[in-house]
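Scroll down for the structure; my scribbles are underneath it.
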Amino acid sequence: MRSGFVTFVGRPNVGKSTLTNALVGEKVAITSAKPQTTRRAIRGIVNRPAGQLVIVDTPGIHKPRTLLGQRLNDLVEQVLGDVDVIALCVPAGEKVGPGDRRIAASLDGYGRAKKVAIVTKTDDASKDEIMERLMEVDSLREDWAAVIPLSAVSGDQLDVLSDELLQLMPEGPALYPEGMTTDEAIEDRIAEIIRESALEGVRDELPHSIAVTIEDISEREDSDLTDVFANIVVERDSQKAIIIGRKGSRLKDVGARARAQIEPLLGTRVFLSLHVRVAKEWQRDPKQLGRLGF
Ligand SMILES: Nc1nc2c(ncn2[C@@H]2O[C@H](COP(=O)(O)OP(=O)(O)OP(=O)(O)O)[C@@H](O)[C@H]2O)c(=O)[nH]1
Ligand SMILES: [Mg+2]
């Protein structure tokens, strides 16, 4: 048996969380087309006959423009110091840029970890693009243990990656009970599902301004129903109006989409009560950030 920790790192939006979910075989991390979706180090557990991989999905590394951004980058740094393997993700369809180069070079600071390069989203690129990316990525470092092109969406080469990652892990017993897919608390998973749902269809700065807090989750005694009370937090009154939508239509859609995912997770029907609150400029306010768990 082999077991250990691997972190997926890279710029925002390159497909780290989608890849985590595809390997785990269950949605443990939310994903979206907007950059900077992931805000926590989320563990996904992959069980194979040859051992257990614990994937730590991380926020995309970027030039921070807010205190939140700074804290997310710091979080990634912390995680990188603790893992057996670091896997840098670069999308097949985009040329390697300064952001990728900076992240690749920064891996020098983590001597203990083995390094792997992953070219993601190959289903969304031509053969020539994939070849070009493989060569660019290969030349980013001299110590890659492997360079692997794959697609989390089509499933192509996922087994190659998990086999390779297991090979690189130290020998040891499983770190989590078999059958467990994540150690995220149910409350946090529900908050993330609501945030993902709220991200759909919003633009510009709004995605970054959304946070979700859970006020209460309680099972009713007399029926197969769980009450979930949550706040969607935004930074400005104008954003609140957008989230709620005309006569509450947008908020209703957000709730319906979220409920469809929360119900299977809890195994009961769900009454979801969403309130939109304004916390002015929370991304830049240390006190508010603390309250929101950053
Ligand atoms: N075509 C295609 N799209 C993908 C693939 N993997 C991810 N995507 C899309 O890329 C976008 C970003 O995916 P995420 O998994 O949220 O990216 P991320 O790297 O976790 O992003 P951050 O959390 O913001 O750092 C989403 O719209 C995904 O659907 C893939 O293999 N193929
Ligand atoms: Mg992510």
Side-chain angles (χ1 to χ4, degrees), residues 6-44 55-66 68-77 79-80 86-94 96-97 99-100 102-104 116-127 129-130 133-134 137 148-162 182 184 188-189 191-193 195-212 257 261 283 294:
V6 53
T7 300
F8 293 154
V9 288
R11 287 183 289 113
N13 221 28
V14 297
K16 302 176 293 295
S17 300
T18 307
L19 179 57
T20 301
N21 294 336
L23 289 168
V24 171
E26 188 186 315
K27 180 160 157 183
V28 295
I30 63 164
T31 65
S32 89
K34 283 107 199 163
Q36 290 164 49
T37 299
T38 304
R39 291 180 181 160
R40 315 161 54 86
I42 291 175
R43 288 181 182 186
I55 301 170
V56 190
D57 179 28
T58 60
I61 300 171
H62 61 287
K63 272 211 185 100
R65 287 183 298 141
T66 63
L68 172 67
Q70 183 58 54
R71 297 221 169 141
L72 297 184
N73 282 348
D74 292 348
L75 170 68
V76 181
E77 265 183 44
V79 171
L80 288 178
I86 298 172
L88 173 66
C89 299
V90 175
E94 293 169 38
V96 164
D100 303 301
R102 213 173 303 124
I103 299 168
V116 169
I118 299 172
V119 172
T120 60
K121 309 191 191 184
T122 53
D123 63 290
D124 200 25
S126 68
K127 278 215 173 76
E129 282 178 308
I130 297 168
R133 213 65 59 232
L134 284 169
V137 165
I148 299 172
L150 55 74
S151 165
V153 165
S154 75
D156 193 33
Q157 294 254 99
L158 291 183
D159 284 344
V160 174
L161 176 66
S162 55
T182 183
E184 284 285 290
D188 294 330
R189 291 182 81 179
E192 286 286 85
I193 288 169
R195 187 162 64 88
E196 180 184 66
S197 181
L199 283 174
E200 212 167 285
V202 299
R203 295 180 295 135
D204 307 324
E205 283 308 299
L206 186 45
H208 305 293
S209 294
I210 298 173
V212 173
R257 272 197 303 272
Q261 290 191 61
Q283 288 185 80
F294 298 105

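First listed ligand is number 1; within each ligand, the first listed atom is number 1.
- No hydrogens or angles considered: a donor-acceptor pair under 3.5 Å links the side chains of Thr37 and Ser32.
- Rounding to the nearest 0.5 Å gives a distance of 4.5 Å between CD of Gln283 and OG1 of Thr66.
- Protein residues having at least one heavy atom under 4.0 Å from any atom of ligand 1 are Pro12, Asn13, Val14, Gly15, Lys16, Ser17, Thr18, Thr31, Ser32, Ala33, Pro35, Gln36, Thr37, Thr38, Gly60, Lys121, Asp123, Asp124, Ser151, Ala152, Val153, listed by chain and number.
- Annotation: angle subtended at the Mg ion (ligand 2) by Ser17 OG and Thr38 OG1 is 90°, to 10°.
- A side-chain donor-acceptor contact under 3.5 Å links Ser151 and Asp123.
- The pair Arg189-Glu192 does not count as a salt bridge, with every side-chain nitrogen at least 4.0 angstrom from each carboxylate oxygen.
- The distance from the Mg ion (ligand 2) to the nearest N/O/S atom of Thr31 is not under 2.8 Å.
- For Asn73 against His62, the heavy-atom pair with the smallest separation is ND2-O, 2.6 Å.
- Note on Asn13: not counted as a metal contact of the Mg ion (ligand 2), no N/O/S atom lying under 2.8 Å.
- A pairwise comparison of heavy atoms in Lys121 and Pro91 identifies CD-CB, 4.4 Å as the closest pair.
- Under the 3.5 Å distance criterion, with hydrogens and angles disregarded, a donor-acceptor pair is assigned to the side chains of Gln70 and Asp74.
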